[in-house]
Structure formats: C-alpha cells, structure tokens
Amino acid sequence: MRLITNIAARDHALQALHQQRDKFKPRLVGEVFALFYSPSFINQDGTTVAGFFPGYMVGSQSPVGLGDHWAMARLPDGLEFLFMPKFVPDHRTVLIDLASNVFVIFSIRQAV
C-alpha cells in the first residue's frame, strides 16, 4: 500500500472529512476510515439522483492484506484514510474537494 503525504484539502472539504471521521463507526472490529469511489446513484427510471456527483464516499475497510491499488492518505493535520486512487500518484500534490455536499461526496485528484 502506498502512503500519500503530499495531500491537501480545501477548507470546506477538510471540515466535512473531519465531521465524517468524528461520526465514523467501523462495520467490523479492526476496520478503518476509508473512502470508496461511487460512479453512479440512479433512480429506478435510470436518471441520476438529484445532488449526486461521482466521487468518494465514506465507508469502513479492513487494512489487512490490501494490495498496491490501495493508498493511505495522511493530511497535514494528521487525519488518515484509505482509498483507491483513480490516478497513479506522483510528485504532484493531491487535492481533496467536495463533489457534492448533499451526499458528502469527495473528489480526489492530482493538482495540475
């Protein structure tokens, strides 16, 4: 698993991450705070649910035995979370923002 420390979050995204972390409860003993990519959320008629945008949602994940496709992100203030990057991390800063505050969905991308 990779460790990403060259990461920053916009103020409103950082606040939302901390709020989500504060109320986080693992599904099983030993699982940790993680973000999972959700590409869609659709109604029965096939339309996208209002307020939804593709991005990362909070969940619970065991840190045991994870492969190289997983990364541990460590923000400058110490907050950590697991996620699967949709990019190959390099020297550029990784930026976290809110993609939707209706569903608390985060965007995670490398800065240009």
Side-chain angles (χ1 to χ4, degrees):
M1 177 178 0
R2 296 172 284 219
L3 174 63
I4 297 175
T5 57
N6 59 330
I7 188 164
R10 297 202 187 276
D11 288 342
H12 57 278
L14 184 60
Q15 181 181 3
L17 273 169
H18 277 281
Q19 288 171 347
Q20 293 297 305
R21 177 63 186 101
D22 290 348
K23 63 183 183 181
F24 171 75
K25 295 199 182 347
R27 289 177 308 149
L28 300 171
V29 173
E31 290 191 340
V32 298
F33 187 64
L35 297 180
F36 295 90
Y37 190 78
S38 182
S40 63
F41 184 23
I42 56 172
N43 295 304
Q44 286 185 331
D45 65 2
T47 59
T48 299
V49 172
F52 178 84
F53 294 93
Y56 290 87
M57 300 178 85
V58 172
S60 184
Q61 174 66 42
S62 171
V64 178
L66 297 178
D68 289 341
H69 54 286
W70 281 91
M72 171 65 75
R74 184 176 301 139
L75 291 164
D77 68 1
L79 187 133
E80 293 183 337
F81 60 89
L82 292 173
F83 79 112
M84 278 192 241
K86 304 289 287 174
F87 52 86
V88 177
D90 60 23
H91 66 282
R92 292 175 288 171
T93 299
V94 175
L95 182 62
I96 303 171
D97 203 349
L98 274 175
S100 169
N101 55 13
V102 174
F103 293 100
V104 192
I105 299 171
F106 300 93
S107 67
I108 304 175
R109 61 180 173 78
Q110 287 188 293
V112 200

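For reference, positions follow the sequence shown, starting with 1.
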Output, in order, the C-alpha distance, side-chain angles, deciding distance and verdict of side-chain contact (heavy atoms from CB on, under 4.5 Å) for Val58 and Val104. CA-CA 8 Å; Val58 172; Val104 192; 5.6 Å; no
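- The distance from the CZ atom of Phe81 to the CZ atom of Phe106 is 8.5 Å, given to the nearest 0.5 Å.
- In terms of modelled atom types and a separation under 3.5 Å, the side chain of Asn43 and the main chain of Asp45 share no donor-acceptor contact.
- With contacts defined as side-chain heavy-atom distances shorter than 4.5 Å, the pair Leu28/Ser62 does not qualify.
- A distance of 8.0 Å separates CG in Leu3 from CE in Met72, rounded to the nearest 0.5 Å.
- One distance of note links CD1 of Ile105 with CZ of Phe36; it measures 14.5 Å at 0.5 Å rounding.
- Here the OH-CZ distance, from Tyr56 to Phe83, works out to 5.5 Å after rounding to the nearest 0.5 Å.
- To the nearest 0.5 Å, atoms CZ (Arg2) and NE2 (His69) are separated by 9.5 Å.
- Taking 4.5 Å as the limit, every side-chain heavy atom of Phe52 sits out of range of all side-chain heavy atoms of Ser100.
- In terms of heavy atoms, Ile7 sits closest to Arg74 at CG2-O, 3.2 Å.
- Separation of atoms CG (Leu75) and CD1 (Ile96) is listed at 4.5 Å; rounding is to 0.5 Å.
- Linking Ile, Leu, Val, Met, Phe, Trp and Tyr whenever their side-chain heavy atoms come within less than 4.5 Å leaves Ile4 and Leu95 in two separate clusters.
- Scanning all heavy atoms of the two residues, the minimum distance from Ala50 to Val102 falls at O-CG1, 4.5 Å.
- The two residues Ala99 and Pro54 have their closest heavy-atom pair at CB-O, 4.0 Å.
- By the criterion of side-chain heavy atoms lying less than 4.5 angstrom apart, applied directly or through intervening Ile, Leu, Val, Met, Phe, Trp or Tyr residues, Leu35 is grouped together with Tyr37 in one hydrophobic cluster.
- When side chains are defined from C-beta on, Asn101 does not count as touching His12, because their heavy atoms never get closer than 4.5 Å.
- A side-chain N or O of Asp77 and one of His18 form a donor-acceptor pair less than 3.5 Å apart.
- Closest of all the heavy-atom pairs between Ser60 and Pro26 is OG-CA, 3.4 Å.
- For the pair Leu14 and Leu79, the minimum side-chain heavy-atom distance is 4.5 Å or more.
- Listed here is the closest heavy atom pair of His91 and Asn6: O-ND2, 3.2 Å.
- Between Trp70 and Met1, the shortest heavy-atom contact is O-CG, 3.5 Å.
- Atom CG of Asp90 has more than 12 heavy atoms from other residues, nucleotides or ligands within 6.0 Å.
- Annotation: side chain of Lys86 is not in contact with side chain of Ile108 (no heavy-atom distance under 4.5 Å).
- In this structure, Arg92 places its CZ atom where more than 12 heavy-atom neighbours from other residues, nucleotides or ligands lie under 6.0 Å away.
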